[in-house]
Amino acid sequence: MLKNLLIILLFNITLNFVVFPVSAKSANSLAHDALLKQVSEFVQGQVNPNNTPNITVKAMPLDSRIRISHCQSELQFDMPSRQRFTRHFPIKASCFDEGASWKAYVQVRVYEYIETIVTTTHIAKGEVISSDMIETALVDRNKVRAKSTDSMSNIVGGRAMRNITRGFQVSGSDVCLVCKGDSVAIIADYNNLTIKTSGTALENGSFGQSIQVQNNSSERIVKGVIGDLRQIFIKL
């Protein structure tokens, strides 16, 4: 009986010794989580008031050694105006609870994503690109290629001008919608009339580029602008 009583007392002492420090740590951790959530919501409202899906905000975790308590009053936030739309900046959070006020700085990252076309598989040079080889993806603005495109029609049906790896952001310069030697439609508008004839491309080109083509009937060489797949628009 005495032995059992000693075991129970020892267990209670051990339990109390372990639980109290963990509880204090948990309370601080919960206060951290609550602060990060409120900071994220505040910044989101400032940089993305329309809540568009291509902008996300992430409040970076605080050092675990920073001790804060749950704020009973409404937290106050300050964001430097000159850094308002930069990618990485601090937010000052202030709690004005009587007798328990505190201030903390939270680092925030703002990510803006842009729609661009990426490959879903490896594409060999000269291979015709089909719709299942590419997809639209949201890519971090800072990682978007300068010449990337978000238009499927500028890519599908064209041929790869080089080997393209899986996950690559495709641009018009990677694909020829009209390739040298292709049979093309030459289209011209004249006095509100559309004149269409066949021709042969003498150069590679992507959407919107000017290339030389030869009229198959007259053998005349003209310069036109690439529109849709294998279509060349010229001015008379």
statement: Residues A59 and V39: closest non-hydrogen pair is CB-CG1, 4.2 Å
Minimum heavy-atom distance V170-V175, with the two atoms named: CG1-CG2, 3.9 Å
message: Any side-chain to backbone donor/acceptor pair from Q169 onto K143? Under 3.5 Å, distance only.
response: yes
field: Side chain to side chain, F77 and K92, heavy atoms closer than 4.5 Å
entry: no
field: Cluster overlap I195 with V213, hydrophobic side-chain contacts below 4.5 Å
entry: yes
field: Q214 (side chain) donor-acceptor with E219 (main chain) under 3.5 angstrom
entry: yes
query: Is I232 close to V178 at the side-chain level, that is, under 4.5 Å between some pair of heavy atoms?
result: yes
- request: Give the C-alpha distance, both sets of side-chain angles, the deciding distance and a yes or no for side-chain contact (heavy atoms from CB on, under 4.5 Å) between H70 and L30.
  value: CA-CA 8 Å; H70 175 69; L30 289 172; over 6 Å; no
Output side-chain donor-acceptor pairs under 3.5 Å for residues 159-166, partner residues at least two apart or in another chain, one line each.
residue: R159; atom: NH2; partner: D182; partner atom: OD1; Å: 2.7
residue: R162; atom: NE; partner: D174; partner atom: OD1; Å: 3.3
residue: R162; atom: NH2; partner: D174; partner atom: OD1; Å: 3.3
residue: N163; atom: OD1; partner: K125; partner atom: N; Å: 2.8
residue: R166; atom: NE; partner: T120; partner atom: O; Å: 3.1

- request: Could you give me the CA-CA distance, side-chain angles and deciding distance for I187 and Q231, then say whether side-chain contact (heavy atoms from CB on, under 4.5 Å) is met?
  value: CA-CA 7 Å; I187 303 169; Q231 288 187 342; 3.9 Å; yes
message: Could you check whether N50 and T52, counting side-chain N and O atoms only, form a donor-acceptor pair closer than 3.5 Å?
response: no
field: Main-chain N/O of L202 paired with Q212 side-chain donor or acceptor, under 3.5 Å
entry: no
query: Is a side-chain N or O of N215 found less than 3.5 angstrom from the main chain of S218, in a donor-acceptor match?
result: yes
task: Working to the nearest 0.5 Å, report the span between NZ of K196 and CZ of F233.
output: 8.5 Å
message: Distance alone, cut at 3.5 Å: any donor-acceptor contact between the side chains of D150 and T116?
response: no
- request: With rounding to the nearest 0.5 Å, note down the distance linking CZ in F168 to CZ in R145.
  value: 3.5 Å
message: Donor-acceptor pair, distance only, cut-off 3.5 Å: does the side chain of S40 make one with the backbone of L36?
response: yes
query: With no hydrogens and no angle check, do the side chains of S153 and S151 hold a donor and an acceptor under 3.5 Å apart?
result: yes
message: Rounded to the nearest 0.5 Å, what separates atom OG in S148 from atom CD1 in I117?
response: 9.0 Å
- request: Flag yes if I211 and L229 sit in one hydrophobic cluster, no otherwise; membership is Ile, Leu, Val, Met, Phe, Trp, Tyr, and two members link when side-chain heavy atoms are under 4.5 Å apart.
  value: yes
field: Test item: T119 side-chain N/O and G167 main-chain N/O as donor-acceptor pair under 3.5 Å
entry: yes
message: Is it the case that over 12 heavy atoms from other parts of the model lie below 6.0 angstrom from the CD atom of E127?
response: yes
message: Which heavy atom of G227 sits nearest to which heavy atom of F207, and what is that distance?
response: O-CD1, 3.1 Å
Output a table of donor-acceptor pairs, distance under 3.5 Å, between side-chain atoms of residues 105-113 and any protein atom two or more places apart or on a different chain; print 'none' if there are none.
residue: Q107; atom: OE1; partner: H88; partner atom: NE2; Å: 3.4
residue: E112; atom: OE2; partner: R141; partner atom: NH1; Å: 3.3

statement: CD1 (I91) and CG (L75) are apart, to the nearest 0.5 Å, by 12.5 Å
query: Which atom names give the shortest non-hydrogen contact between S173 and K147, and what distance separates them?
result: OG-CD, 4.3 Å
task: Without swapping roles, check the side chain of W102 against the backbone of S69 for a donor-acceptor pair under 3.5 Å.
output: yes
message: Evaluate S210 against V225 for side-chain contact (heavy atoms from CB on, under 4.5 Å), listing each step before the verdict.
response: CA-CA 4 Å; S210 294; V225 176; 3.6 Å; yes
message: For a quick check under 3.5 Å, do T200 and N216 share a side-chain donor-acceptor pair by atom type?
response: yes
query: Any side-chain heavy-atom pair from V156 and I134 closer than 4.5 angstrom?
result: yes
query: Can you tell if the side chain of L138 reaches within under 4.5 Å of the side chain of I114, non-hydrogen atoms only?
result: no
- request: Using atom types as modelled and distance alone, determine if a side-chain donor or acceptor of H32 lies under 3.5 Å from a backbone N or O of I66.
  value: yes
field: Intermediate values then yes/no, side chain to side chain donor-acceptor pair (under 3.5 Å), D97 and S73
entry: CA-CA 6 Å; D97 283 355; S73 58; 2.7 Å; yes
statement: Scanning both residues in full, the closest heavy-atom pair of P53 with T56 reads O-CG2, 4.5 Å
query: Hey, are the side chains of I68 and L35 touching, using non-hydrogen atoms and a 4.5 Å cut-off?
result: yes
task: Would you name the heavy atoms of T197 and S217 that are closest together and state the gap between them?
output: OG1-OG, 4.0 Å
message: Working to the nearest 0.5 angstrom, can you tell me the gap between M133 CE and H122 NE2?
response: 10.0 Å
- prompt: Rounded to the nearest 0.5 Å, how far apart are CE of M152 and CD1 of I129?
  reply: 11.0 Å
